[in-house]
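Presented below is the structure to which this report refers.
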Protein chains: 2
Amino acid sequence: MKPTTASAARQYPCAKCPLQGFPHLQPHEKEEVSFLSEFKTGELVADAGTTVLVEGANSAHLFTVLSGWGFRYKTLEDGRRQILNYVLPGDLIGLQGSIMKEMAHSIEALSPMILCVFQRDKLPNLFRSFPNLAYDITWIASREEQMLDEILLSVGRRTAMERAAYLFAFLFQRAKSVGMVKTNKLIIPLKQQHVADTLGLSIVHTNKTLKKLSVRGALRWLDRGCEVLDENVLLEMSKWQGLPATPRPYI
Amino acid sequence: MKPTTASAARQYPCAKCPLQGFPHLQPHEKEEVSFLSEFKTGELVADAGTTVLVEGANSAHLFTVLSGWGFRYKTLEDGRRQILNYVLPGDLIGLQGSIMKEMAHSIEALSPMILCVFQRDKLPNLFRSFPNLAYDITWIASREEQMLDEILLSVGRRTAMERAAYLFAFLFQRAKSVGMVKTNKLIIPLKQQHVADTLGLSIVHTNKTLKKLSVRGALRWLDRGCEVLDENVLLEMSKWQGLPATPRPYI
DNA sequence: CGCTAATTTGAAGGTACTCAAGCTTCGTGG
DNA sequence: CCACGAAGCTTGAGTACCTTCAAATTAGCG
């Protein structure tokens, strides 16, 4: 299923970017906004379940997530899948494909997503003309690495319960930082198979672990999704100190 | 144990950088070399076992590895350790600390290391004056992410045997790309505890897994180190396709 | 030559996996 | 409106993998 491009109708001009104004996201200078307006070539709307970027592809695009949930993953030949990280509004995706020859992972939408599309061949121009934006991109790449480090620590060294608690605490905090948490609760559009493939567990064991979390009141499983109910229980169970509160750049 | 700075005696001027000339590393332009000469503030020699960078520290430095082996790791409060990746000649370390507020992982030397030291506060200047070098840094950050993706896939979804085989195939190929493999064999200065903390396994099970690998002739365990004997057996056992052969930038 | 650190081995137990079947929910079509 | 099928969630049983505990062996280092 190919995603539909909606480049003709540009719902969100950069000056009215829906990402503006979140206290956790750093605002842009005026000149930067006008450059980004040209860097941006359109918008992409992807339905839930759509593969936005495919491993091995030499994609001509670079995206910033404007709304919705997605995930990055890799698979082995025999089909075993590992979810590497999730993507939320404000995240830059496809940088690997733009900088190196090709993507080494795929990205799929968990919910309907709106993406801001950039033309990858203008990236060298960005580096030449806007060193601050180039610095921001490197910042974003470093942040991704930092998240991966913590996820790897989790999968390698935390118990199944700690891992699960960490995952939901992590997603809750990330969602909160971009205004997706309203009444201290959050619904994440996941199947249990996604959770299993994130934690490196079987689906059966994942189910039993999630049940324990819900008994403790940390979350509740819905049809096709998970409602996070108690961030503090999750933080405590995972022995995780939480995300830094510093604002981050976006493109 | 503090590492000793040897900034007075600069063994390796940039024009005679020991990393030059490897077919897997991209050469620099003349102007870049002269800029890097100023960006470089000295050299650091670290003994095996030295902690080069500490989690939580706000290090003023950024390093490129000139020689030796090291590893990046994170720990949980109760001491459980996860090795995230290894660092080899040509690798840039400390970028996270330079770009963001502080380091979220530590780095320790596995063998004696020589590091090229850069002053972090000159980094914005690099972005302003040498966009190509800035692009290279982003390239390097993307490569680190790509390696982490594969390692996470391994820890999350490969069996103990596949994981171990992947690890040694991976380290063998990386070492080969910077001329550390002479006669198709390589000695990696590891303890089994390092292997265990990389694979997310206990030391006992790691030992039994390594024994199976050595029975198959893939490697041999030495005192305080591992000799990799057969890359092809490892590649086959791990179901891994190997690293791309494209040359990469370094700073 | 003895001490310490690292590796090796065996045994017992727990965690997580596979297999298998039942249940719930939702969408579709008769 | 209800029957039906498909997809996802849940549960139980048996097994395999991996862990912990404990002790023996080996390998440097002074």
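A note on names: the letters A, B, ... follow the listed sequences, proteins ahead of strands, and every chain is numbered from 1. Note that these values count all heavy atoms, side chains included, but never hydrogens, waters or copies made by symmetry. Quick caveat, the model's predicted, so the values are computed rather than measured.
- To the nearest 0.5 Å, atom CD of residue B:Glu162 and atom CH2 of residue B:Trp240 are 14.0 Å apart.
- Note: CG (B:Leu199) to P (D:dC18) measures 11 Å, nearest angstrom.
- OP1 or OP2 of C:dT8 sits under 4.0 Å from a side-chain N or O of B:Asn207.
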Problem - Worked check of side chain to side chain donor-acceptor pair (under 3.5 Å) between B:Asn207 and B:Gln192 - result: CA-CA 7 Å; B:Asn207 180 276; B:Gln192 296 193 357; 2.9 Å; yes
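- Between the CZ atom of B:Arg80 and the C1' atom of D:dT19 there is a distance of 13 Å, given to the nearest Å.
- Using a 4.0 Å heavy-atom distance criterion, A:Ile203 is classed as making no nucleic acid contact.
- Remark: the B:Gln193 side chain and the B:Asp197 side chain contain an N/O donor-acceptor pair separated by less than 3.5 Å.
- A distance of 12.0 Å separates CZ in A:Arg81 from CG in B:Leu153, rounded to the nearest 0.5 Å.
- Note: NZ (A:Lys211) to P (D:dG8) measures 20 Å, nearest angstrom.
- Judged by distance alone, the side chain of B:Ser59 and the main-chain N or O of B:His61 form a donor-acceptor pair under 3.5 Å.
- Relative ring orientation between B:Phe170 and B:Tyr166 is described as parallel, the plane-to-plane angle staying below 30° on a 0-90° scale split at 30° and 60°.
- The closest donor-acceptor contact from the side chain of A:Thr64 to the backbone of A:Leu92 lies at 3.5 Å or more, if one exists at all.
- Look at NE2 on B:His194: it is 15 Å from C1' on C:dT7, rounded to the nearest Å.
- Taking atom NZ of residue B:Lys191 and atom C1' of nucleotide C:dT4, one finds them 12 Å apart after rounding to whole Å.
- Across the protein-nucleic acid pair, A:Leu213 atom CG and D:dC9 atom P stand 15 Å apart, rounded to whole Å.
- With distances taken from any side-chain atom of B:Ser202 to the nucleotides D:dT19, C:dT9, D:dG8, the minimum falls on D:dT19.
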Shorter than 3.5 Å, N or O on both sides, protein versus nucleotides 28-30 of chain D: list them out with atom names.
unit_1	atom_1	unit_2	atom_2	d
D:dG28	OP1	B:Asp223	OD1	3.4
D:dG28	OP1	B:Asp223	OD2	2.2

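- For the pair B:Asp78 (side chain) and B:Arg80 (backbone), a donor-acceptor distance under 3.5 Å is present.
- Taking atom CD of residue A:Gln193 and atom P of nucleotide D:dC9, one finds them 9 Å apart after rounding to whole Å.
- At a threshold of 4.0 angstrom between heavy atoms, the contacts of A:Gly225 with the nucleic acid are absent.
- A sub-4.0 Å separation between OP1 or OP2 of D:dT10 and a side-chain N or O of A:Gln192 is present.
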Could I get a table of every N or O pair under 3.5 Å where one atom is in the protein and the other is in nucleotides 10-12 of chain C?
none

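- The separation between A:His205 atom NE2 and D:dG12 atom C1' is 15 Å, rounded to whole Å.
- The side chain of B:Trp221 approaches C:dT8 more closely than any other nucleotide in the set D:dC9, D:dC18, C:dT8.
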Please determine whether side chain to side chain donor-acceptor pair (under 3.5 Å) holds for the pair A:Glu144 and A:Asn85, giving the CA-CA distance in whole Å, both sets of side-chain angles, and the decisive distance to 0.1 Å. CA-CA 9 Å; A:Glu144 181 66 27; A:Asn85 199 358; 3.1 Å; yes
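- In this structure, the nucleotide among D:dC18, C:dT7, C:dT18 sitting nearest to the side chain of B:Ala160 is D:dC18.
- Under 3.5 Å, the side chains of B:Thr198 and B:Tyr86 contain a donor-acceptor pair of N or O atoms.
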